[in-house]
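Below is one structure, written out as structure tokens; comments come after it.
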Amino acid sequence: MRTRRDSPFTRRRPIGVLVAMIAISLALVQCAPAERPPAPAEPPRTSAEPPPQFTATVHPVTAEELGASWHPGCPVEPGELRRVELGHVGFDGQPHLGDLVVNQDRVPQVIAVFEQLYRIRYPIEKMRTVDHYPGAADELSMRDNNTSAFNCRDIPGRGRWSYHAYGRAIDVNPLINPYIDDTGAIQPMTAARYLDRKRNDPGMLHEGDPAVRAFTDRGWQWGGRWTSPIDYQHFELP
């Protein structure tokens with residue numbers, strides 16, 4: 001009589017064989033290369049990171065280089081002025097180089113002030129000499145929000161030399177920090193929106209701001225403290 005054979009799928013394996021198979025499986029798992037975790041992403045660079053080191057370079061200037069900003073009869077000669085190439089932080093948060101022409105006896109002060117402005121990341125939209133504008137016109141420079149210093153001109157409506165004519169005054173971000181005369185007229189004429197000094201646009205100057213104190217703590221006078229006229233852009237050291 002035939003006996004039914006167990007199916008090969010139901011046949012039991014000896015315990016010793018099973019133990020050996022488990023040991024081989026564990027060894028294979030341990031030998032398999034471990035999956036590496038993804039490398040951490042590099043943090044994005046932000047405008048809060050400090051820019052490269054501040055730089056300042058001093059150059060002599062000639063009458064030809066000063067262009068329309070100087071003419072015979074000005075209260076200083078070109079030899080008394082210096083062009084200072086200064087690092088500054090732009091409205092884009094990046095480092096830039098700009099130029100100011102100042103009196104030679106104000107060069108150390110100007111470098112110290114702008115180094116502090118650089119460290120606190122006070123933004124300056126642009127900084128170039130006014131001879132870049134037709135006739136060295138102050139109105140055009142201000143409309144362009146250009147920070148500038150020397151310009152052989154008088155005080156509007158006063159009939160005497162401005163301290164800019166001596167290279168001892170600096171106008172900072174003048175479009176957003178306008179000049180307001182006794183009649184309420186403003187310069188530049190395009191700055192009406194910035195008469196609201198509660199605004200906090202980048203580069204605006206307010207009493208107590210670190211940028212204002214970078215000047216005033218060194219003895220500079222700020223026109224934003226005047227009452228008539230009011231000159232938010234203006235700093236001078238007579």
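Reckoned from all heavy atoms, side chains included, excluding hydrogens, waters and symmetry mates.
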key: Distance, nearest 0.5 Å, that separates CE of Met142 from CD of Gln187   = 4.5 Å
query = To the nearest 0.5 Å, what is the distance between CG (Asp231) and CH2 (Trp226)?
reply = 5.5 Å
message = Looking at every heavy atom in both His206 and Trp222, which two are closest together, and how far apart are they?
response = C-CH2, 3.8 Å
request  = Check the angle between the aromatic planes of Phe215 and Phe114 and answer parallel, tilted or perpendicular using the 30° and 60° thresholds.
outcome  = perpendicular
request  = Measure the spacing between OG1 of Thr55 and CG of Leu86 and express it to the nearest 0.5 Å.
outcome  = 8.0 Å
message = If you apply the rule side chain to side chain donor-acceptor pair (under 3.5 Å), what do you find for Asn103 with Tyr163, and how did you get there?
response = CA-CA 10 Å; Asn103 197 293; Tyr163 279 112; over 6 Å; no
key: Asp171-His164 side chain donor-acceptor pair, cut-off 3.5 Å   = yes
task = Pick out which of Asp144, Thr147, Asn146 makes a side-chain hydrogen bond (donor to acceptor under 3.5 Å, both in side chains) with Lys126.
result = Asp144
ask   = Is there side-chain contact between Pro95 and Tyr118, with heavy atoms separated by less than 4.5 Å?
value = yes
inquiry  = If I take atom CD from residue Glu64 and atom CH2 from residue Trp70, how far apart are they, to the nearest 0.5 angstrom?
reply    = 12.5 Å
ask   = Rounded to the nearest 0.5 Å, how far apart are CZ of Arg82 and CD1 of Ile111?
value = 11.5 Å
query = Does Arg168 make a cation-pi contact with Phe150 (under 6.0 Å, within 45 degrees of the axis)?
reply = no
inquiry  = Quick one, Ile124 with Val89, criterion side chain to side chain contact (heavy atoms under 4.5 Å, CB included). Give me CA distance, side-chain angles, the key distance, then yes/no.
reply    = CA-CA 6 Å; Ile124 295 172; Val89 176; over 6 Å; no
inquiry  = Side chains of His96 and Gln94 only: does a donor on one sit below 3.5 Å from an acceptor on the other?
reply    = no
ask   = What residues form a salt bridge (charged side-chain N to carboxylate O under 4.0 Å, His left out) with Asp138, not counting sequence neighbours?
value = Arg153
request  = Going by the side-chain contact (heavy atoms from CB on, under 4.5 Å) test, name the single residue among Val102, Val58, Thr57, Val61 that passes it with Arg83.
outcome  = Val61
request  = Verify the distance criterion only: is there a donor paired with an acceptor across the side chains of Tyr133 and Arg128 at less than 3.5 Å?
outcome  = yes
ask   = Stepwise, does the side chain to side chain contact (heavy atoms under 4.5 Å, CB included) test hold for Tyr166 with Cys74?
value = CA-CA 8 Å; Tyr166 298 88; Cys74 291; over 6 Å; no
ask   = So Asp201 and Tyr194, side chain to side chain contact (heavy atoms under 4.5 Å, CB included) or not? Walk me through it.
value = CA-CA 9 Å; Asp201 300 58; Tyr194 301 110; 3.8 Å; yes
task = Could you pull out the closest heavy-atom pair between Gly67 and Asp131, with the gap in Å?
result = CA-CB, 4.4 Å
request  = Give a yes/no verdict on a cation-pi contact between Arg119 and Phe54, requiring under 6.0 Å between NZ or CZ and the six-membered ring centre and an angle within 45° of the axis.
outcome  = no
request  = Rounded to the nearest 0.5 Å, what's the gap from OG1 on Thr216 to CG on Leu237? Could you check?
outcome  = 11.5 Å
ask   = Do Tyr122 and Asn173 have side-chain N/O donor and acceptor atoms under 3.5 Å apart?
value = yes
remark   = Heavy atoms of Ala191 and Leu175 approach each other most closely as CB-O, 3.3 Å
note = Smallest heavy-atom separation, Asp209 atom then Met204 atom, equals OD2-O, 3.6 Å
ask   = Just checking, is any N or O donor in the side chain of Ser69 or Asn151 under 3.5 Å from an acceptor N or O on the other one?
value = no
message = Within the 3.5 Å criterion, strictly below it, is a donor on Gln116 or Arg218 matched to an acceptor on the partner's side chain?
response = yes
